[in-house]
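Take a look at the structure set out below.
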Amino acid sequence: MEVILAEPRGFCAGVKRAVDILAITLEKYRNQCQVYVLHEIVHNKYIVEDFMKQGVIFVKNIEEIEGNGGILIFSAHGVSKSIEDEAKRKNIKVIDATCPLVSKVHKEAKRYEDNGKELILIGHENHPEVKGIRGRVNNPIALVQTVQDVYDLKVREPNNLSYVTQTTLSIDDTREIITALKSRFPNITGPDLKDICYATQNRQNAVKKLAEIVDMVFIIGSKNSSNSNRLIDLCLAKGKRAYLIDDYTCINEDWLDGVEKIGITAGASAPDVLVDELINYLKTKITIEVSVMPDGITENVQFKVPSLN
C-alpha cells in the first residue's frame, strides 16, 4: 500500500509557540508553583493530556484558581479584555500564549471600533477565538457564519461597517461571505485576504490536492479542532472517504480493505508524533511505501517565544 503525506501538515507557528511557552513555563516553575491554563492550550487531546500528566491544570474560568497562587497561561486562541482585566485585579501572574495572528485580529477590531465602525465578525459561534475577539471591543459584534447570515443581518449603519475574521478560517472559507458582505454593503471595509491565517489556507490547499491522488484520507486532529474538521469536510466534498481521528487507536481495520493509496494529514494543532505513530501502526498491518505529496509548500514561519520572567 502507498501512503502519501500531505505537505504541509501538523503544527502551525502559532500552535508551536503556545506549546513551547507552556513547556518552558512548566520546566521553569514546576517546583515553585502550580501552572494553570485557561481552556485548552490548543485544541488537541494528545497535547492537553500530555501536559496534564506533567501536572498542568486546565481551568474553564479564573475563579477556579482564585486564592491558589500559581501562574495562569492564556491559550493560543486569545481571551477577552475582561478576562485579562480580571486576572490583573486578582494579582494573578499571567503568561499570554495568544497566537500573534489572533492578536492582530484583536487590534484590527479595536482600530475599526475606535474609528467609529460597526463591526461584523466572520467566525464560528462559541469558538474560544470568537469569544476573545468579541470581548476585545466595547460594542456588540454581529457574527456571520454563512452567506445566508449576511442576507439576514440587521445593522444600524449600512454605510459605516467593517469586518474581521476568525483566523482558523481560510480564504476559501470566507471568500463567499466577504463577497456577499461587499455586495450588500458596498462601503464595508476589512483586512486584505492575505491577512487570513497562512497555515489554515496551506493545509486546506494541501488536503484538496492529496484527496485527488489517494483512495482514502486520515486526518489527525481532535473533534473540537475547527481547522481539522474543515479538512475532513474538504475531503468528503471531493468524494473521498476520510476519517478524523485523534490517533491510530481510533482506526477500524476494516477501513483498510481494498485501499491502495492512503493519504495522511494533520490539523494545525496535531503534533508530528501522532503521524509517526499512525505510520508505525500501518506498518504492523500491511506493507507500505511512504512518500510526501509532490508540489507541497514548506512553511518557514516562526513566532518568537516571549521572555518568561
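Residues: numbered from 1 along the sequence shown.
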Working for side chain to side chain contact (heavy atoms under 4.5 Å, CB included), residues Q204 and D173: CA-CA 10 Å; Q204 290 189 12; D173 295 327; 3.0 Å; yes
Residues, nucleotides or ligands: over 12 heavy atoms within 6.0 Å of E125 CD: yes
Pair K117 + E108: basic N to acidic O under 4.0 Å: no
Within-4.5 Å side-chain heavy-atom neighbours: I4 and I262: no
Side-chain donor or acceptor of E277 paired with backbone N/O of Y248 under 3.5 Å: no
pair H43-S226: side-chain heavy atoms closer than 4.5 Å: no
R136 side-chain N/O to V79 backbone N/O, donor-acceptor pair under 3.5 Å: yes
pair T25-I21: side-chain heavy atoms closer than 4.5 Å: yes
Atom pair CG (L256) and CD1 (I286), whose distance is rounded to the nearest 0.5 Å: 5.5 Å
D85 and R89 ion-paired at < 4.0 Å: no
From CA spacing to verdict: side chain to side chain contact (heavy atoms under 4.5 Å, CB included), L38, V59: CA-CA 5 Å; L38 185 61; V59 297; 4.1 Å; yes
Side-chain donor-acceptor pair present, D172, S170, cut-off under 3.5 Å: no
Under 3.5 Å donor-acceptor, S222 side chain and K45 backbone: yes
Main-chain N/O of I62 paired with E86 side-chain donor or acceptor, under 3.5 Å: no
Other residues, nucleotides, ligands: >12 heavy atoms within 6.0 Å of Q32 CD: yes
Residue pair Y112 / P191, side-chain heavy-atom distance below 4.5 Å: yes
Criterion side chain to side chain contact (heavy atoms under 4.5 Å, CB included) on R30 and Q54, from CA distance to verdict: CA-CA 9 Å; R30 73 167 76 235; Q54 298 180 63; 3.7 Å; yes
Other residues, nucleotides, ligands: >12 heavy atoms within 6.0 Å of Y151 OH: no
Mutual orientation of the aromatic rings belonging to Y198 and F303 [parallel < 30°, tilted 30-60°, perpendicular > 60°]: perpendicular
Side-chain heavy-atom pair Y29, K93 within 4.5 angstrom cut-off: yes
K107 atom NZ, over 12 foreign heavy atoms within 6.0 Å: no
Pair R9 + E7: basic N to acidic O under 4.0 Å: yes
Minimum side-chain heavy-atom gap N252-Y243 below 4.5 Å: no
Atom pair NZ/NZ of K208 and K240 - distance to nearest 0.5 Å: 14.5 Å
Donor on one side chain, acceptor on other, Q148 and T146, under 3.5 Å: no
Pairwise side-chain contact, K182 with Y163, heavy-atom cut-off 4.5 Å (strictly under): yes
For R17, all residues meeting salt bridge (Lys or Arg N to Asp or Glu O under 4.0 Å), sequence neighbours excluded: none
Whether H127 and H77 hold their rings parallel, tilted or perpendicular, with breakpoints at 30° and 60°: perpendicular
Heavy atoms from other residues, nucleotides or ligands near CG of D272 exceed 12 (cutoff 6.0 Å): no
Member of I47, D50, D276 meeting the side-chain contact (heavy atoms from CB on, under 4.5 Å) criterion with P271: I47
Non-hydrogen side-chain atoms of C235 and I219 separated by less than 4.5 Å: yes
For L143, the option from V130, I120, I133 that meets side-chain contact (heavy atoms from CB on, under 4.5 Å): V130
CG-CD1 distance between L169 and I171, expressed to the nearest 0.5 angstrom: 11.5 Å
Separation between NE2 of H106 and OG of S80, rounded to the nearest 0.5 Å: 9.0 Å
K16, NZ atom: more than 12 neighbouring heavy atoms under 6.0 Å: no
Verdict with reasoning, V19 to F51, per side chain to side chain contact (heavy atoms under 4.5 Å, CB included): CA-CA 10 Å; V19 171; F51 278 119; 4.1 Å; yes
Members besides I297 in its Ile/Leu/Val/Met/Phe/Trp/Tyr cluster (side-chain heavy atoms under 4.5 Å): none
